[in-house]
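What follows is one structure encoded as C-alpha cells, with my remarks underneath.
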2 protein chains.
Amino acid sequence: MVTVKEVARMANVSPATVSRVINSAHNVSPEIRERVQRVIKDMNYFPNHAARSLVRRQAGAIAVLLRNLHHPFFFNLIRGFEDSAAKSERSVIFCSLGQEQEYRDRYIQFLTNGISDAIILYGTLFTDRPIIEHLASVNFPFLLIENNFEDIRVNQLLVNNLEGAKNAVEHLIARGHRRIALFMGDPNKKVNLERFNGYTQVMQKYGFPIGQNDIKNIYSDYSAAYGAAREMMQLPPEARPTAVFAINDRIATQVIMGVQSLGFSVPEDLSVIGFDNQKLFDDGYSGPAITSIKQPLFEMGKDSITILTDILEGKVKTPFTKTYETQLIPGDTVDEPSRK
Amino acid sequence: MVTVKEVARMANVSPATVSRVINSAHNVSPEIRERVQRVIKDMNYFPNHAARSLVRRQAGAIAVLLRNLHHPFFFNLIRGFEDSAAKSERSVIFCSLGQEQEYRDRYIQFLTNGISDAIILYGTLFTDRPIIEHLASVNFPFLLIENNFEDIRVNQLLVNNLEGAKNAVEHLIARGHRRIALFMGDPNKKVNLERFNGYTQVMQKYGFPIGQNDIKNIYSDYSAAYGAAREMMQLPPEARPTAVFAINDRIATQVIMGVQSLGFSVPEDLSVIGFDNQKLFDDGYSGPAITSIKQPLFEMGKDSITILTDILEGKVKTPFTKTYETQLIPGDTVDEPSRK
DNA sequence: TTGAAAGCGCTAACAC
DNA sequence: GTGTTAGCGCTTTCAA
C-alpha cells in the first residue's frame, strides 16, 4: 500500500506537502504541486479513507438504510437517491437492514461510527426506537422518511397519508359507492394508521356505516388479502361492498387477483383503489392498472440527500420537517357500482 | 464522542483492556470484563470503525457495486446479496455507480481504500478496464459478475450465455419456426455477443438462412425495438419472420408491445423468446408472460458474498471462476407458426 | 511556501 | 491477566 510518506520521499517533500496537494490547498508552489502529482500518478497512490476520516472526523459519505433494497416499492425512491447522489460531493452508500433487530442495530452502529457522516432511514420499526434515540442523544445527523415516532423531534420527510386516504375514499364515493371495504395493513405502522383514519373520517363525514366485516386486517402476509377478497365476493351482491380501499397497492393486487379467481372482474364487479402508485409487483400481478394515491417517492429520495447535506453544512435549522402531498393517479380499477 | 480512553479511565483499566473486552478476547478476568461492559453501556460507547480499520488493516465490509440499484433487472441478484449478507460476519454495502466514468472511478477508489475489504462488480463497462487493472495490480480482492474482460485473470462469476441462446433458438425451431429474427443489443457488451453467437450457430447448424433484415440492432434505447418490431410486422406475412429471439426480456417487452400496437398478437402472429427471465418491467409492460432463458441471479448474488469471503480467508485459490448454466422458462409467448 | 511534530481512536506487541 | 508503548495513514497546527 502506497502512503503519503512514500510519496513524500519520492517527491522530496514532506508528507504535509503531499497532503496539501491531494487536498488541493492553494499554498503550494506550482513546481512542487506538479512534481508531487506526477509521483502520485506514477506510484498509483490513493489516499486511505479510514485514516482520513479518523483525523478529519468526517467520512465524506451519507448512508441510506432500507429494509429491502430489492423491493419494487422502493423503485422510485432509490432513483431519487441516485439522482442526487450523482450530484453530491459525498459518496452515497446503501444498506439493506432486514428485519432482525440485531442486524439493524449492527449496521446502524457500523455506519454511524466513522463510516458515514449522516444516515437516511426509511420506514423505521417501532423496535428501532432505542437506536434512534441514541443517535439523537449523540447528535449524529440523520433523517427519517415516513418516521414512525410521532413524539421524537427529528429531521423527517413525511407524507400526508391522511389526506391521501381521504381523497381515495372521496374518489370512490364521488363515483357512487356507499359501501366501501378497507383492507387494512399492519397497525404497528404509522402510515397504515393514518390511512385508516382517512378512511373512517370520510365514511363518517358522509354518514356511511362501516359494516361489521368491512375492515379486513392484513398483516405482513399480504396473500391473506387474496383469501379475504374471495370470501367477501362469495357473499350475495347486495350483502357485500361495491368498492375496496386497499391500504397499499401490494394488497390491492392480491384483492384483485382474489376477485378475478372467482370469475369476477375489476372494476365491473368491484372497484379497487390502492395507495403508493406502485407500478412493479413481485407477486406476478398483471391485471389492470390500479387507481392509486401516489406519494412522490422520487422527489423524497432526491430531496433527502440535499436536505441532509444542508443540515451537515448548517444551512438548515433542525429539526427539519417536510410533508409531501399525494396525488390521485387514475387507473382502470374504479368504476361506478354495477346496478345488478 | 466516547473513546476507549475515556471508558478505560471510568473503569479504572487501561485502553488495551477495554479493547480486549470489546473484541471479546478471552484473557480478561470475569470481574474486569463485567465492569468494563457496564461502563461501555453506561457511557453509550461504540468503537470507531475508521480507527479500527486503520490499525487492523481491514474494514470488515464488502461492497457491491451496480450501475443502477433501482433497476428491476437486479431484483433477484440483490435478493441474493441480501440473503448472504444476513449470514455474513462482514457488513455489506451497496453503491450505484451510474455510467459516468468519473463517478465510477471515484466510488471504486473510495470503497477500495479503507472502506471495504473487497468489492463485487456487476457488469463492468469496457471503460472500467484501467481501474480493474489497477485493483488487480495492487492485489485488492474483487469479484466480477458477468465480466466484460475476457483476457484478465480475475475472480469471476459467469453465465453460459452461449448455451442459453442456443437453447432459446432450438426451442423455437423445435416448434416449427424457420425464419427467426434476432433483436440484438449493444455489441460492446460481452453478454450480447455471446448470445448473438448462440443464435447464429444454431441457425447455421440447421441451415436456416438469416435474412438481410432479420437482425435488428438495438442499443441502449430499447424503445427502438418497438419501432423495429412494427416495421417488421408491416411486411406481408410470408416475407417476415415467424419468431423473434430478443437478446433480453426488456427488449422482448418492446417487441411485443410493438406487435400488439398493430393489432397483431403474440404468440399467434409472432412468437417471442427472451433472455434473463426478468419478471418486473419499468416500461409498463403487461402482456403475456415471456418465454425466456433464466440466469440464476439469486444464486449468483448469494454465492458471490460467500465466495469472496472464502477468498479473503484464503480458502479458495484464485483466480476463481464459476460458470452458471441457464434454464428455459416457458411462458406464453411461443407457439407454432401460424399457417395462414 | 514548506516541514516538523502531534494526534485522530484504536489495536497489537511486548513487558511485567 | 493487565498495562505500556508504538504506530496504522492521514491532516493540521505551529514554527521557520
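Computed from a predicted structure; not experimentally measured. Here is the naming used below: chain letters follow the sequence lines, and residue numbers restart at 1 for every chain.
- Contact between the side-chain N/O atoms of A/S53 and the OP1/OP2 oxygens of D/dC10 is not found at any separation under 4.0 Å.
- The distance between atom NZ of A/K5 and atom P of C/dA4, rounded to the nearest whole Å, is 12 Å.
- Atom CD1 in B/I115 sits roughly 13 Å away from atom C1' in D/dC10 (whole-Å rounding).
- Under 4.0 angstrom from either OP1 or OP2 of C/dT11 there lies at least one side-chain N or O belonging to B/N23.
- For the pair B/H49 NE2 and D/dC8 C1', the interatomic distance rounds to 17 Å; values are reported in whole Å.
- Distances from the side chain of A/V4 to the nucleotides C/dT11, C/dT2, D/dG9 place D/dG9 closest.
- Look at NE2 on B/H26: it is 8 Å from P on D/dG1, rounded to the nearest Å.
- Relative to the side chain of B/I32, the nucleotides D/dC10, D/dT2, C/dT1 differ in distance, and D/dT2 lies closest.
- Contact annotation: A/R57 side-chain N/O to C/dC8 OP1/OP2 distance is not under 4.0 Å.
- Comparing D/dT2, C/dC10, D/dC10 by their closest approach to the side chain of B/T17 singles out D/dT2.
- In this structure, B/R56 and B/S14 both approach DNA chain D, and ranking their closest nucleotides by distance from the 5' end singles out B/S14.
- Atom CG of B/D42 is separated from atom CE of B/M10 by 7.0 Å, given to the nearest 0.5 angstrom.
- Atom CG of A/D186 and atom CZ of A/F126 lie 8.5 Å apart (nearest 0.5 Å).
- With hydrogens and angles left out, the side chain of B/R33 and the base of D/dG1 share no donor-acceptor pair within 3.5 Å.
- Using a 4.0 Å heavy-atom distance criterion, A/N27 is classed as a base contact.
- Within 4.0 Å (heavy atoms only), A/V13 reaches sugar-phosphate atoms of the nucleic acid but no base atom.
- Counting heavy-atom neighbours within 6.0 Å of A/E34 CD, excluding the residue itself, gives a total of 12 or less.
- One atom, CG of A/L54, and another, P of C/dG7, lie 14 Å apart when rounded to the nearest Å.
- Across the protein-nucleic acid pair, B/F110 atom CZ and D/dC10 atom P stand 15 Å apart, rounded to whole Å.
- With hydrogens and angles left out, the side-chain atoms of B/R57 and A/N48 include no donor and acceptor closer than 3.5 Å.
- For B/F110, the ring pair (Phe, Tyr, Trp, His ring centres under 6.0 Å) criterion is met by A/H49, not counting sequence neighbours.
- Contact annotation for A/R20: base contact, defined as any heavy-atom pair under 4.0 Å involving a base atom.
- In this structure, CE of B/M1 is placed 8 Å from C1' of C/dG9, rounded to the nearest angstrom.
- With rounding to whole Å, A/N48 atom CG is found 14 Å from C/dG9 atom C1'.
- An OP1 or OP2 oxygen of C/dC8 is reached within less than 4.0 angstrom by no side-chain nitrogen or oxygen of B/T3.
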